[in-house]
Amino acid sequence: MYICYLMYDKSIEEEHELRLAVWYAALLTALPWIVQAVTVVFSLQLKQFGLRPLEWSGLSGIFTMPLLHADWGHLISNTPAMLLLLFGLFLFYKRGAWRVLLFLYLLGGFLTWLMGRSSTHIGASGLVYALAAFHFVSGVIRKSPRQRAFALLVAFLYGGFVWAFFPTLYRGTSISWEGHLSGLIAGIVLAFYFRGRGPEPPADPFPEDEDPDGTEDGDYYRDIPEGDEQQS
């Protein structure tokens, strides 16, 4: 009965964590939609508050850049990836996900401010790349099966992101490849920085100092009747 209670209690806790991950991901993904709706309804020119590289007044864009988008199409293109990657972050890192997200947000934005072209950078794609890189590298360097499976999913769905780091492909366009590259670097760096956090690897069912049947090393040889030894 006690074991059943523990299993039941654990399932409730996991269901609660799953719901929180969905709620936080949906809430954060909705923020750029709210900003875009306000921009359109009230005919505001909020794009001017984006990130402007190497300008002190443009540093505030580190916080505003992921919330601002050029149009609805730009926003829609970022939404599915943002929703999935944020969900994975809160599912694996729980309360610690807020700290990881803040670091990704700030480092990716600051690197864009350092290396970006002289222009106004807007959009959440830099943060999307930071989250994708963070999940993939974390899945590679950690021993959590669930996190590795999620990393494979990220690679399968967004493996084509690698083409976004070549500036020659976006020559003459308004796409911020610098934001993509900054996000990639931030995700990789912070995956190593936070490698000691997140989901714990499963316990080894067969520790080195024990045998699967619970006997000490070599004890089962003592129970073989004399004369029944097998030779090879």
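By convention here, the first residue in the shown sequence is residue 1.
Closest non-hydrogen pair, R146 versus F92, comes out as O-CZ, 3.7 Å. Heavy atoms only, all atoms of each residue included: A133 and I188 are closest at CB-N, 4.2 Å. Residues F150 and L84 come closest through the heavy atom pair CZ-O, 3.7 Å. When every heavy atom of P53 is checked against every heavy atom of G116, the shortest pair comes out as CB-O, 3.5 Å. Shortest non-hydrogen contact noted between V154 and A132 is CG1-O, 3.8 Å. The heavy-atom pair separating L91 from A21 by the smallest distance is N-CB, 3.7 Å.
Using a 4.5 Å heavy-atom cutoff, the side chains of I175 and H180 are in contact. Contact annotation: the side chain of Y24 never approaches that of F87 to less than 4.5 Å [non-hydrogen atoms, C-beta and beyond]. Between I122 and H69 the shortest side-chain heavy-atom distance does not fall below 4.5 Å. Residues V38 and F42 form a side-chain contact, since some pair of their non-hydrogen atoms from C-beta on lies under 4.5 Å apart. Residues H135 and L89 form a side-chain contact, since some pair of their non-hydrogen atoms from C-beta on lies under 4.5 Å apart.
Of the possible polar contacts, none joining the R195 side chain to the I141 backbone as a donor-acceptor pair under 3.5 Å is found. In terms of modelled atom types and a separation under 3.5 Å, the side chain of H16 and the main chain of I12 share no donor-acceptor contact. At least one donor-acceptor pair under 3.5 Å links the side chain of K47 to the backbone N or O of A70. A side-chain donor-acceptor contact under 3.5 Å links Y105 to the backbone of F63. No donor-acceptor pair closer than 3.5 Å links the side chain of R52 to the backbone N or O of L59. Between the side chain of S77 and the backbone N or O of H74 there is at least one donor-acceptor pair closer than 3.5 Å. Put simply, the side chain of Q36 never gets that close to the backbone of L75: no donor and acceptor are under 3.5 Å apart.
L86 and Y158 fall within a single hydrophobic cluster, where Ile, Leu, Val, Met, Phe, Trp and Tyr are joined by side-chain heavy atoms under 4.5 Å apart, directly or via other members.
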CA sep, side-chain torsions, deciding dist, call: L131, M82, side-chain contact (heavy atoms from CB on, under 4.5 Å): CA-CA 8 Å; L131 287 165; M82 179 71 70; 4.1 Å; yes
Test side chain to side chain donor-acceptor pair (under 3.5 Å) applied to W113 and S182, step by step: CA-CA 9 Å; W113 184 81; S182 298; over 6 Å; no
CA sep, side-chain torsions, deciding dist, call: L153, L157, side-chain contact (heavy atoms from CB on, under 4.5 Å): CA-CA 6 Å; L153 177 63; L157 293 176; 3.7 Å; yes
Working for side-chain contact (heavy atoms from CB on, under 4.5 Å), residues L127 and L101: CA-CA 9 Å; L127 183 58; L101 180 61; 4.2 Å; yes
Side chain to side chain donor-acceptor pair (under 3.5 Å) assessment of H121 paired with T112: CA-CA 9 Å; H121 297 247; T112 304; over 6 Å; no
CA sep, side-chain torsions, deciding dist, call: W33, I76, side-chain contact (heavy atoms from CB on, under 4.5 Å): CA-CA 9 Å; W33 283 82; I76 291 172; 3.7 Å; yes
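A distance of 6.0 Å or more separates the ring centres of W98 and Y93. Under the 6.0 Å cut-off for aromatic ring centres, W23 and F90 do not qualify, their centroids lying 6.0 Å or more apart. Checked against a 6.0 Å centroid threshold, the rings of F134 and Y193 do not count as neighbours.
Listed by chain and residue number, nothing satisfies the ring pair (Phe, Tyr, Trp, His ring centres under 6.0 Å) test with F136 (two or more places apart in sequence, or in another chain).
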